[in-house]
Amino acid sequence: MRPPAGGMILETGMNGSDVYRYIELLETGKKFMQMMNKYRCAIMEVETKLNVLNAEFSLQYDRNPFESIETRLKSPVSILEKLTRKGFEIHEEGLEKLIEENLYDVAGLRVVCAFQEDIYALSDLLIGQDDIRLIRTKDYIKHPKPNGYRSLHQILEIPVFLKEGKTFVKVEVQFRTIAMDFWASVDHRLRYKKDVTNEQLITDRLRVCADVIEKLDEEMQSIRNMIEA
Ligand code: 0O2
């Protein structure tokens, strides 16, 4: 059904069931926006926690444990695509529950650190906070993906206080070093490029780069340990 123009509910030619359906769609859209707002608030909460840790660290040790934080809210189209890819049927009824129970990365933060040890120090400090629940860890640093991808992924649940009360919201935090982030962004760009003819060669060369980056991270960490010894 085509929504009526100019924000009008009633339009010439619309019958009662069209109007009813239109109102239903508005309601679904409103609920969806409210759900997205919860995720947006959860991102703000986790980002603030990380910024507080950064400020405390820099006072105590005169260095920042992370270089940057990127945040992103998954777009409605990506949410529906991922649910479909996972084999779920999409219906308006129960959509919010389906998303909350099955998609863990609607709210995402990416924390980029200079050194590998800072990733684990920061993650421990974050998940050690008593209002945070750790739901799942995927450690692609200790166990890299076959293509060479490395990052620490953690799914957290954080309380968000809204006017109707407290609700726990899932957030995915990805921790990486600057070098891992460089590799992942190049890999991501190449993976989404269409019509790549020599894909296998590119995959193999990226794998080699991932190994070099692993060595580089280890060497940088060891240099810092020497300086700080
Ligand atoms: P976007 O836009 O980057 O967020 P799950 O979420 O557990 O049900 P999934 O998607 O396998 O299933 O989770 P996983 O393995 O924790 O990884 C998901 C995210 O990690 C991806 O998000 C990427 O951000 C990143 N990632 C994982 N593998 C690779 C990789 O080989 N290369 C790069 N560059 N990034 C990777 P999305 O969903 O792709 O989207």
Side-chain angles (χ1 to χ4, degrees), residues 32 35-36 38-47 50 66-90 94-113 116 119-120 122-123 126-127 132-158 168-194 196 198-214 216-217:
F32 196 85
M35 181 196 69
M36 293 306 276
K38 273 196 303 197
Y39 286 111
R40 193 175 293 115
C41 295
I43 290 177
M44 289 193 278
E45 296 278 357
V46 178
E47 190 173 15
L50 287 161
F66 64 81
E67 300 294 313
S68 63
I69 304 183
E70 250 176 61
T71 65
R72 77 106 181 81
L73 196 59
K74 218 173 183 69
S75 72
V77 172
S78 307
I79 290 175
L80 298 183
E81 269 173 9
K82 190 158 183 177
L83 282 175
T84 311
R85 202 165 63 235
K86 283 174 166 257
F88 294 104
E89 280 187 27
I90 315 286
L95 181 60
E96 193 182 329
K97 194 159 179 275
L98 186 73
I99 294 170
E100 285 177 357
E101 287 177 359
N102 299 289
L103 280 198
Y104 296 170
D105 65 342
V106 176
L109 290 100
R110 186 167 291 150
V111 185
V112 178
C113 302
Q116 206 160 295
I119 290 179
Y120 292 102
L122 203 54
S123 147
L126 184 66
I127 61 177
I132 283 195
R133 296 177 187 159
L134 175 66
I135 304 297
R136 187 186 80 191
T137 295
K138 281 190 190 173
D139 192 340
Y140 294 123
I141 298 176
K142 294 204 171 92
H143 310 284
K145 289 180 81 166
N147 63 351
Y149 176 77
R150 289 161 69 238
S151 277
L152 175 67
H153 291 193
Q154 289 187 315
I155 310 293
L156 313 176
E157 251 183 359
I158 173 139
F168 277 87
V169 182
K170 288 193 184 69
V171 174
E172 184 192 62
V173 188
Q174 297 182 350
F175 294 92
R176 309 173 168 166
T177 62
I178 300 169
M180 292 173 200
D181 191 50
F182 169 56
W183 185 95
S185 48
V186 174
D187 171 69
H188 189 266
R189 248 179 273 166
L190 294 178
R191 275 192 305 135
Y192 285 93
K193 218 171 156 66
K194 289 193 182 79
V196 180
N198 38 10
E199 210 179 322
Q200 188 54 51
L201 179 63
I202 291 173
T203 305
D204 293 345
R205 292 185 71 178
L206 274 170
R207 174 71 242 198
V208 173
C209 291
D211 293 341
V212 172
I213 277 171
E214 191 174 348
L216 181 72
D217 274 337

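In listed order, ligands and their atoms are each counted from 1.
In this structure, the side chains of F66 and I119 stay at 4.5 Å or more apart for every pair of heavy atoms. A heavy-atom distance below 4.5 Å is found between the side chains of L80 and L95.
Exactly one residue among L109, V46, I43 makes a side-chain contact (heavy atoms from CB on, under 4.5 Å) with I69. That residue is L109.
At a 4.0 Å heavy-atom cut-off, ligand 1 touches R136 through the side chain alone. By the criterion of a heavy-atom distance under 4.0 Å, the side chain of N147, and not its backbone, is placed next to ligand 1. Residue R110 touches ligand 1 through its side chain alone, judged by heavy-atom distances below 4.0 Å. Of the heavy atoms in Y104, none comes closer than 4.0 Å to ligand 1.
In this structure, atom 10 (O) of ligand 1 has protein heavy atoms in its sub-4.0 angstrom surroundings.
Considering only non-hydrogen protein atoms, atom 8 (O) of ligand 1 sits nearest to K86 NZ, 2.6 Å.
Salt bridge annotation for D139-K142: present, with a cationic side-chain nitrogen under 4.0 angstrom from a carboxylate oxygen. Classification of E101 and K170 as a salt-bridged pair fails, no side-chain N sitting under 4.0 Å from a carboxylate O. A salt bridge does not link R176 to E67: none of the charged side-chain nitrogens sits closer than 4.0 Å to a carboxylate oxygen.
Of all the atoms in ligand 1, the ones that sit under 4.0 Å from a non-hydrogen atom of D105 are 38 (O). Counting atoms of ligand 1 from 1 in the listed order, those under 4.0 Å from a heavy atom of R72 are 1 (P), 2 (O), 4 (O). Using a 4.0 Å cut-off to heavy atoms of A184, the atoms of ligand 1 that qualify are 34 (N).
Of the listed options R176, K82, K145, K82 places a heavy atom closest to atom 5 (P) of ligand 1.
Not one N or O of R85 is nearer than 3.5 Å to an N or O of ligand 1, by distance alone. Of the polar atoms of H153, at least one N or O is found under 3.5 Å from an N or O of ligand 1, judged by distance alone. Checked against a 3.5 angstrom limit, the closest N/O atoms of S185 and ligand 1 fall outside it.
Side-chain contact check for T137 and Q154: at least one donor-acceptor pair (N or O, by modelled atom type) lies under 3.5 Å.
Put simply, the side chain of W183 never gets that close to the backbone of R150: no donor and acceptor are under 3.5 Å apart.
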